[in-house]
**Student:** 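Below is a structure I'd like to ask you about.
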Amino acid sequence: QVQLAESGGGSVQAGGSLKLSCVASGDTYSSNCMGWFRQAAGKEREGVGIIDSAGTTTYADSMKGRFTIARDHAGNTLHLHMNNLKPEDTGKYYCALGGGSCGTNVLKTYVGLDFWGEGTLVTISS
């Protein structure tokens with residue numbers, strides 16, 4: 001069993017920055033793919049970005065240039081650096097983990113991401 005714990009959410013003014021973190025614990029031996037996803041009120045969950053155990057990242061097109069994913073501590077800690085935040089970035093951000101592939105299809109469909117955190121709230125005011 002794997003547990004994921006997100007932190008770092010909060011409120012920030014538009015144009016500001018925020019860093020989210022996710023710590024994986026438990027049986028994390030098979031953890032090739034980790035990623036961030038978000039869901040705004042009244043909208044479907046969407047992929048933000050994913051990263052494999054080698055450090056290769058894949059981002060949603062709308063996130064490129066503003067959001068950056070990093071992974072450390074032997075692959076068990078995940079960070080999301082968010083810059084130039086906009087009100088439409090408001091939502092609940094989730095961390096996910098899986099032992100399989102980590103390609104574009106995973107970002108889109110979440111296939112193989114078997115463990116999810118409870119999420120952390122991010123609120124961006126104008």
Side-chain angles (χ1 to χ4, degrees):
Q1 185 69 31
V2 174
Q3 296 82 44
L4 300 173
E6 303 99 334
S7 62
S11 298
V12 66
Q13 293 288 113
S17 300
L18 200 62
K19 184 177 80 173
L20 307 183
S21 297
C22 171
V23 177
S25 61
D27 187 7
T28 60
Y29 183 78
S30 297
S31 58
N32 181 59
C33 192
M34 296 185 72
W36 287 99
F37 303 82
R38 71 183 186 185
Q39 187 168 20
K43 300 183 68 177
E44 297 292 327
R45 185 176 299 182
E46 63 178 339
V48 175
I50 55 175
I51 183 169
D52 68 11
S53 59
T56 301
T57 55
T58 304
Y59 298 96
D61 288 340
S62 61
M63 314 298 175
K64 292 178 181 178
R66 293 196 303 125
F67 291 6
T68 303
I69 288 176
R71 188 171 179 175
D72 59 10
H73 290 262
N76 289 333
T77 302
L78 184 69
H79 303 283
L80 178 64
H81 300 266
M82 303 186 291
N83 299 308
N84 191 24
L85 287 161
K86 306 175 71 175
E88 49 262 49
D89 294 319
T90 294
K92 196 167 187 178
Y93 285 69
Y94 298 89
C95 175
L97 179 151
S101 63
C102 203
T104 302
N105 64 314
V106 177
L107 180 65
K108 178 67 175 180
T109 69
Y110 321 147
V111 61
L113 298 177
D114 297 322
F115 302 96
W116 293 76
E118 295 293 330
T120 185
L121 292 171
V122 171
T123 302
I124 311 301
S125 58
S126 60

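As the structure is a prediction and not an experimental result, all values here were calculated from the model.
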**Student:** Where is the tightest heavy-atom contact between Ala60 and Gly47, given as atom of each residue plus distance?
**Tutor:**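 Closest pair (atom of Ala60, atom of Gly47, distance): CB-O, 3.5 Å.
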
**Student:** Look at the side chain of Glu6 and the backbone N and O of Gly119, then say whether any donor-acceptor pair between them is shorter than 3.5 Å.
**Tutor:**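 At least one qualifying donor-acceptor pair exists.
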
**Student:** Please give me the minimum heavy-atom distance between Ser126 and Gln13, naming the atom from each residue.
**Tutor:** O-NE2, 3.7 Å

**Student:** For Asn83, which residues count as a side chain to side chain donor-acceptor pair (under 3.5 Å) partner, sequence neighbours excluded?
**Tutor:**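 Partners of Asn83 under the side chain to side chain donor-acceptor pair (under 3.5 Å) test: Ser17.
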
**Student:** Which pair of heavy atoms, one from Arg71 and one from Asn32, lies closest together, and at what distance?
**Tutor:** NH1-O, 3.1 Å

**Student:** Roughly how far apart are Glu46 CD and Lys108 NZ, rounded to 0.5 Å?
**Tutor:**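 Between Glu46 CD and Lys108 NZ, I get 9.5 Å after rounding to 0.5 Å.
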
**Student:** Please name the pair of heavy atoms, one in Gly9 and one in Leu18, separated by the smallest distance, quoted to 0.1 Å.
**Tutor:**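 Of all heavy-atom pairs spanning Gly9 and Leu18, the closest is CA-CD2, 4.4 Å.
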
**Student:** Test your reading of the model: is there a side-chain donor-acceptor pair from Thr109 to the backbone of Asn105, 3.5 Å cut-off?
**Tutor:**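 Checking the backbone N and O of Asn105 against the side chain of Thr109, a donor-acceptor pair under 3.5 Å is found.
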
**Student:** With a 4.5 Å heavy-atom cut-off, do Met82 and Val12 have their side chains touching?
**Tutor:**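 Of all side-chain heavy-atom pairs linking Val12 with Met82, none is under 4.5 Å.
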
**Student:** Hey, are the side chains of Val122 and Arg38 touching, using non-hydrogen atoms and a 4.5 Å cut-off?
**Tutor:**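 Answer no - side chains too far apart.
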
**Student:** Give the C-alpha distance, both sets of side-chain angles, the deciding distance and a yes or no for side-chain contact (heavy atoms from CB on, under 4.5 Å) between Ser31 and Asn76.
**Tutor:** CA-CA 8 Å; Ser31 58; Asn76 289 333; 4.3 Å; yes

**Student:** Should Met34 and Ile69 be marked as a side-chain contact (heavy atoms from CB on, under 4.5 Å) after you check the CA-CA gap, both sets of side-chain angles, and the distance that decides it?
**Tutor:** CA-CA 10 Å; Met34 296 185 72; Ile69 288 176; over 6 Å; no

**Student:** Could you grab the distance from atom CZ of Phe115 to atom OG of Ser30, nearest 0.5 Å is fine?
**Tutor:** 9.0 Å

**Student:** Is a side-chain N or O of Thr28 found less than 3.5 angstrom from the main chain of Ser25, in a donor-acceptor match?
**Tutor:**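 Side chain of Thr28 to backbone of Ser25, a donor-acceptor pair under 3.5 Å: no, none is there.
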
**Student:** Between atom CD of Gln3 and atom CG of Leu97, what is the distance when rounded to the nearest 0.5 Å?
**Tutor:**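 Going from CD on Gln3 over to CG on Leu97, the span is 11.0 Å.
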
**Student:** List the atom of Cys95, the atom of Leu4, and the distance in Å for their closest heavy-atom pair.
**Tutor:**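 Residues Cys95 and Leu4, closest heavy atoms: O-CD1, 3.5 Å.
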
**Student:** Taking the ring of Phe37 and the ring of Trp116, is the distance between their centroids below 6.0 Å?
**Tutor:**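 Aromatic pair counts; centres sit under 6.0 Å.
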
**Student:** Please round to the nearest 0.5 Å and tell me the distance separating atom CD1 of Ile50 and atom OG1 of Thr58.
**Tutor:** 4.5 Å

**Student:** Counting distance only, does the side-chain N/O of Thr57 pair as donor-acceptor with the main-chain N or O of Ile51 below 3.5 Å?
**Tutor:** no

**Student:** Distance check, rounded to the nearest 0.5 Å: Leu85 atom CG versus Ile124 atom CD1?
**Tutor:**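 Atom-to-atom, Leu85:CG and Ile124:CD1 are 4.0 Å apart.
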
**Student:** Who passes salt bridge (charged side-chain N to carboxylate O under 4.0 Å, His left out) against Lys86, sequence neighbours left out?
**Tutor:** Glu88

**Student:** Considering residues, nucleotides and ligands other than Glu118, do more than 12 of their heavy atoms fall under 6.0 Å from its CD?
**Tutor:**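 Count not over threshold, so no.
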
**Student:** Does one hydrophobic cluster hold both Tyr93 and Leu121, with members joined at side-chain heavy-atom distances below 4.5 Å?
**Tutor:** no

**Student:** For a side-chain contact (heavy atoms from CB on, under 4.5 Å) check, start with the C-alpha distance between Leu107 and Tyr59, then their side-chain angles and the critical distance, and finish with the verdict.
**Tutor:** CA-CA 8 Å; Leu107 180 65; Tyr59 298 96; 5.7 Å; no

**Student:** Which atom names give the shortest non-hydrogen contact between Thr90 and Ala40, and what distance separates them?
**Tutor:** O-CB, 3.5 Å

**Student:** I need the single residue from Trp36, Phe67, Tyr94 that forms a side-chain contact (heavy atoms from CB on, under 4.5 Å) with Leu20. Which is it?
**Tutor:**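 Only match with Leu20 under side-chain contact (heavy atoms from CB on, under 4.5 Å): Trp36.
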
**Student:** So, taking the atom named OG1 in Thr68 and the one named NZ in Lys19, what distance separates them when rounded to the nearest 0.5 Å?
**Tutor:** 12.0 Å

